[in-house]
Colleague: 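I'd like to ask you about the structure that follows.
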Amino acid sequence: MNASRKGQLVVISGPSGVGKSTILAAVLDRTDTRFSVSATTRHPREGEIDGVDYHFVTTEEFKRAIDNEEVLEWAEYGGHLYGTMRNEVVPILESGVNVILDIENEGAKQVRAAYPDALLVFISPPSLDELARRLHGRGDTSPADVQRRLSVAASQIEEAPYVYDAIVENDELDEAIARVLDILNGQDRTASNL
Ligand code: 5GP
């Protein structure tokens with residue numbers, strides 16, 4: 001099915017608050033890699049732009065895209081639907097350019113099934129205590145929401161060694177970015193602690 005694919009499909013996952021967006025921005029800045037803009041049924045947050053951060057769609061539109069087989073993977077998260085559109089990925093890979101997806105664990109598993117050669121990278125916090133400190137420190141998250149995200153994070157971290165090729169601890173940001181870049185460049189394919 002993917003015999004003509006030339007670019008590398010990369011998944012970057014990690015719990016809320018781990019610093020994934022910062023790492024992702026640095027990777028996109030320093031490599032010739034395209035970001036796949038996901039579709040979601042959640043509402044835009046302050047500053048988010050339709051078509052840039054997400055394609056903001058209705059539940060009906062999302063379900064129609066699934067029925068039309070336009071969705072490569074999808075999952076429900078926090079009561080909303082999130083999915084990767086095939087046309088954000090397939091033509092780009094076929095033109096020889098790498099594509100990065102920022103998706104959660106269920107989606108990562110579906111990507112693995114569809115693209116066995118995809119490179120799946122999980123960003124983990126140094127500890128759950130540290131993640132809790134970072135989430136509280138953001139100031140935009142209520143204590144109840146922090147607890148909910150921490151419990152999701154705990155199960156994501158537990159599952160990560162069974163899903164991902166590499167697990168990168170984000171303790172020092174610059175080191176984590178360098179490590180992800182090494183993995184993408186094929187210089188650190190043994191980076192997992194499986
Ligand atoms: P947020 O609402 O904070 O932007 O994203 C919530 C979660 O949904 C994050 O873990 C993010 O990685 C995940 N996510 C974003 N887009 C997709 C997608 O297309 N598919 C899947 N499976 N997860 C996604």
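Just follow the structure's listing: the first ligand is 1, and inside any ligand the first atom is 1. In this chain, numbering begins with 1 at the start of the sequence shown.
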Colleague: What residue and atom, counting heavy atoms only, is the protein's closest point to atom 14 (N) of ligand 1, and at what distance?
Modeller: D102 O, 3.6 Å

Colleague: Check each heavy atom of R149 against ligand 1 and say whether those closer than 4.0 Å belong to the side chain, the backbone, both or neither.
Modeller: neither

Colleague: Please list the nearest protein heavy atom to atom 19 (O) of ligand 1 with its residue and the distance rounded to 0.1 Å.
Modeller: S38 OG, 2.6 Å

Colleague: Look only at interatomic distance and state if Y77 has a nitrogen or oxygen under 3.5 Å from any nitrogen or oxygen of ligand 1.
Modeller: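 No, no N or O pair falls under 3.5 Å.
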
Colleague: Do W74 and ligand 1 have an N or O pair less than 3.5 Å apart?
Modeller: no

Colleague: Specify side chain, backbone, both or neither for E73, according to which of its non-hydrogen atoms lie closer than 4.0 Å to ligand 1.
Modeller: side chain

Colleague: Go through ligand 1 atom by atom and flag the ones less than 4.0 Å from a non-hydrogen atom of G107.
Modeller: 22 (N)

Colleague: Between OG1 of T84 and CD of E73, what distance do you get to the nearest 0.5 Å?
Modeller: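 Going from the OG1 atom of T84 to the CD atom of E73 covers 3.5 Å.
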
Colleague: Can you tell if the side chain of R134 reaches within under 4.5 Å of the side chain of N170, non-hydrogen atoms only?
Modeller: yes

Colleague: Any heavy atom of R42 sitting closer than 4.0 Å to ligand 1?
Modeller: yes

Colleague: Is ligand 1 under 4.0 Å from a heavy atom in the side chain of K20, in the backbone, in both, or in neither?
Modeller: side chain

Colleague: Between R149 and D145, does any NZ, NE, NH1 or NH2 come within less than 4.0 Å of an OD or OE carboxylate oxygen?
Modeller: yes

Colleague: Salt bridge check: are R64 and E61 linked by an N-O gap of less than 4.0 Å?
Modeller: no

Colleague: Compare all side-chain heavy atoms of N105 with those of F122 and state whether any distance is below 4.5 angstrom.
Modeller: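 They are in side-chain contact.
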
Colleague: Assess the side chains of E88 and H55: does a donor N or O sit below 3.5 Å from an acceptor N or O?
Modeller: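 Checked: E88/H55 side chains pair up, N/O donor to acceptor below 3.5 Å.
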
Colleague: Got a donor-acceptor contact below 3.5 angstrom from the T40 side chain to the L81 backbone?
Modeller: yes

Colleague: Please write down residue, atom name and distance for the protein heavy atom closest to atom 4 (O) of ligand 1.
Modeller: Y54 OH, 2.5 Å

Colleague: Can you find a side-chain donor-acceptor pair between Q8 and N98 that sits under 3.5 Å?
Modeller: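 Result is no, nothing qualifies.
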
Colleague: Would you mind checking which non-hydrogen protein atom is closest to atom 2 (O) of ligand 1, with the distance to 0.1 Å?
Modeller: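 Closest protein heavy atom to atom 2 (O) of ligand 1: Y82 OH, 2.5 Å.
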
Colleague: I want to know if ligand 1 touches G14 in the polar sense, i.e. an N/O pair below 3.5 angstrom.
Modeller: no

Colleague: Considering the heavy atoms of R45, write down every atom of ligand 1 situated less than 4.0 Å from one of them.
Modeller: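 Counting atoms of ligand 1 from 1, those under 4.0 Å from R45 are 1 (P), 2 (O), 3 (O), 4 (O).
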
Colleague: Looking at R86 and E69, would you say the former's side chain and the latter's main chain have a donor-acceptor pair under 3.5 Å?
Modeller: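 At least one qualifying donor-acceptor pair exists.
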
Colleague: State the atoms of ligand 1, each with its element, that fall below the 4.0 Å cut-off from a heavy-atom position in A75.
Modeller: 22 (N)

Colleague: Students should be able to answer this: which protein heavy-atom is nearest to atom 23 (N) of ligand 1, and at what distance?
Modeller: E104 N, 3.3 Å

Colleague: Using the rule that two of Ile, Leu, Val, Met, Phe, Trp, Tyr join whenever any of their side-chain heavy atoms come within less than 4.5 Å, decide whether F56 and F35 are in one cluster.
Modeller: no

